[in-house]
Amino acid sequence: MTFDEVMLTDLLAALGWIDGVALALFVGLWFATTWRIEKDETKRPSVHVLMKRFRYRWMNEMAAREVRIFDSAILNGIRQSTAFFGSTTLLAIGGIAAVIGQPELLLGAGRGILPEMPVQVVQLKLLLVLATMAFAFLRFVWSNRLFSYCAIVMAAMPNDGTTEEAKRTAIRAARLNSFAARSFNRGLRAIYYALAALAWLLGPVAFIVALALTNWEVIRREFFSASRKALLAD
């Protein structure tokens, strides 16, 4: 048996079956919740889906306006938020990578709070957080790019917003806007789940509890929040 095989065997032995259950729940709940939130054909649409309908309405109204400075200002503000989250996420990735390189510092600072575990286990758990944050960063970057595409399509809108070409352009802009918002929302959810993954350092039970609380908070905001009621108000 090689040295690498010994390291892998020790690592798997240090984790246990409940860690595997927690990790499977992490992946399963994340993807299942995302699928439900983004599902259009449902009797109870999410905030994401409701806002998607307003985005199409926004582009139709934008086409009918003679002066579209207001629309470009709104889109510019949205793009700034994607850039902010992207840069902030990148800083977090750098911090996590630094801790992975020196896990002893984390174990020393958390002595009495963190359970005893090999440094390789700490690195593995932090790698999950790092991967989740990296996914969030890529989503924010792509969202910013899609909003840029949307701005260009909006600029190509004919002056006469009643023509067939103007209507087609409005639909194209609305689709790009919706795709960008979807990517941005996926990045935000990734940050939520990355925070839940940090609880894995406290043990698999803490990870499962944090994951349940995070998943409920995501579901509550999308399906049971006051903002959703405001979008549906007559």
Side-chain angles (χ1 to χ4, degrees), residues 15-56 78 81-86 88-90 92-93 96 124-147 150 174-233:
L15 287 177
W17 66 270
I18 192 170
D19 290 281
V21 171
L23 189 58
L25 283 174
F26 176 81
V27 177
L29 287 176
W30 185 1
F31 281 92
T33 302
T34 297
W35 174 81
R36 178 61 183 86
I37 288 173
E38 296 176 358
K39 184 176 176 58
D40 280 319
E41 302 300 328
T42 177
K43 294 181 179 179
R44 190 178 185 86
S46 63
V47 171
H48 170 80
V49 173
L50 295 175
M51 288 302 301
K52 178 181 177 181
R53 298 171 184 175
F54 277 98
R55 293 176 191 278
Y56 275 83
I78 296 174
S81 65
T82 61
F84 168 77
F85 276 100
T88 303
T89 305
L90 191 60
I93 290 172
I96 297 169
L124 179 64
K125 292 180 178 182
L126 288 176
L127 277 175
L128 177 63
V129 182
L130 180 65
T132 308
M133 293 299 291
F135 176 84
F137 172 73
L138 294 175
R139 293 296 91 197
F140 290 136
V141 171
W142 185 235
S143 175
N144 189 278
R145 188 69 179 270
L146 288 176
F147 278 125
C150 179
R175 287 174 178 169
L176 288 171
N177 199 296
S178 298
F179 293 155
R182 182 181 64 184
S183 185
F184 181 77
N185 290 335
R186 287 178 177 179
L188 286 179
R189 282 194 296 274
I191 292 179
Y192 298 156
Y193 284 100
L195 293 175
L198 277 175
W200 199 10
L201 293 171
L202 298 174
V205 176
F207 186 17
I208 293 174
V209 172
L211 181 59
L213 292 175
T214 299
N215 206 66
W216 163 247
E217 184 62 19
V218 171
I219 292 174
R220 186 194 66 80
R221 291 184 179 185
E222 290 288 340
F223 297 101
F224 303 100
S225 61
S227 57
R228 184 182 183 277
K229 293 179 181 178
L231 293 173
L232 293 172

Applying side-chain hydrogen bond (donor to acceptor under 3.5 Å, both in side chains), can you list everything that pairs with [X], at least two apart in sequence or on another chain?
X	result
R55	N177
T82	N144
S178	none

Heavy atoms only: give me the nearest [X]-[Y] pair and the separation to one decimal.
X	Y	value
F147	A181	CZ-N, 3.9 Å
F184	S143	CB-OG, 3.4 Å
A136	T89	CB-CG2, 4.2 Å
V129	A194	CG1-O, 4.0 Å

With the side chain counted from C-beta on, respond yes when [X] and [Y] share a heavy-atom pair under 4.5 Å apart, and no when they do not.
X	Y	value
P45	K52	no
W35	K39	yes
I37	N185	no

Atom pairs and distances, side-chain donor-acceptor, residues 206-215, under 3.5 Å, sequence neighbours left out:
from, atom 1, to, atom 2, distance (Å)
T214, OG1, A210, O, 2.8
N215, OD1, T33, OG1, 2.8
N215, OD1, Y193, OH, 2.4
N215, ND2, T33, OG1, 3.4

### Task
Decide if the gap between the ring center of F26 and the ring center of W30 is smaller than 6.0 angstrom.
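Yes; W30 has its ring centre under 6.0 Å from that of F26.
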#### Entry: Aromatic F179 / basic R175 pairing, under 6.0 angstrom, 45° off normal
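No, R175 does not sit over the ring of F179.
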### Query
Has the side chain of S183 got a donor or acceptor atom that lies under 3.5 Å from a matching backbone atom of R139?
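Looks like yes, one N/O pair under 3.5 Å.
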### Message
Does anything in residues 194-213 form a salt bridge (charged side-chain N to carboxylate O under 4.0 Å, His left out)? List the pairs, not counting sequence neighbours.
### Response
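Sorted result for residues 194-213: empty, none.
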### Query
Which residue pairs pass the salt bridge (charged side-chain N to carboxylate O under 4.0 Å, His left out) test with at least one member in residues 203-217, sequence neighbours excluded?
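Those involving residues 203-217 are E217-R220, E217-R221.
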Could you grab the distance from atom [atom1] of [X] to atom [atom2] of [Y], nearest 0.5 Å is fine?
X	Y	atom1	atom2	answer
I18	L23	CD1	CG	12.5 Å
R182	T34	CZ	OG1	11.0 Å
L231	S225	CG	OG	8.0 Å
T132	I191	OG1	CD1	11.0 Å

### Task
Would you check if there is a donor-acceptor pair between the side chains of R36 and T42 at a distance under 3.5 Å?
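Their side chains do contain a donor-acceptor pair, which is all the 3.5 Å distance test asks for.
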### Task
Under the side-chain contact (heavy atoms from CB on, under 4.5 Å) rule, what do R186 and E38 come out as? Steps first, then yes or no, please.
CA-CA 10 Å; R186 287 178 177 179; E38 296 176 358; 2.7 Å; yes
### Message
Pair L188, F140 - check side-chain contact (heavy atoms from CB on, under 4.5 Å), show working.
### Response
CA-CA 8 Å; L188 286 179; F140 290 136; 4.0 Å; yes
### Query
Do other residues, nucleotides or ligands put more than 12 heavy atoms under 6.0 Å from the CZ atom of R44?
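Enclosed.
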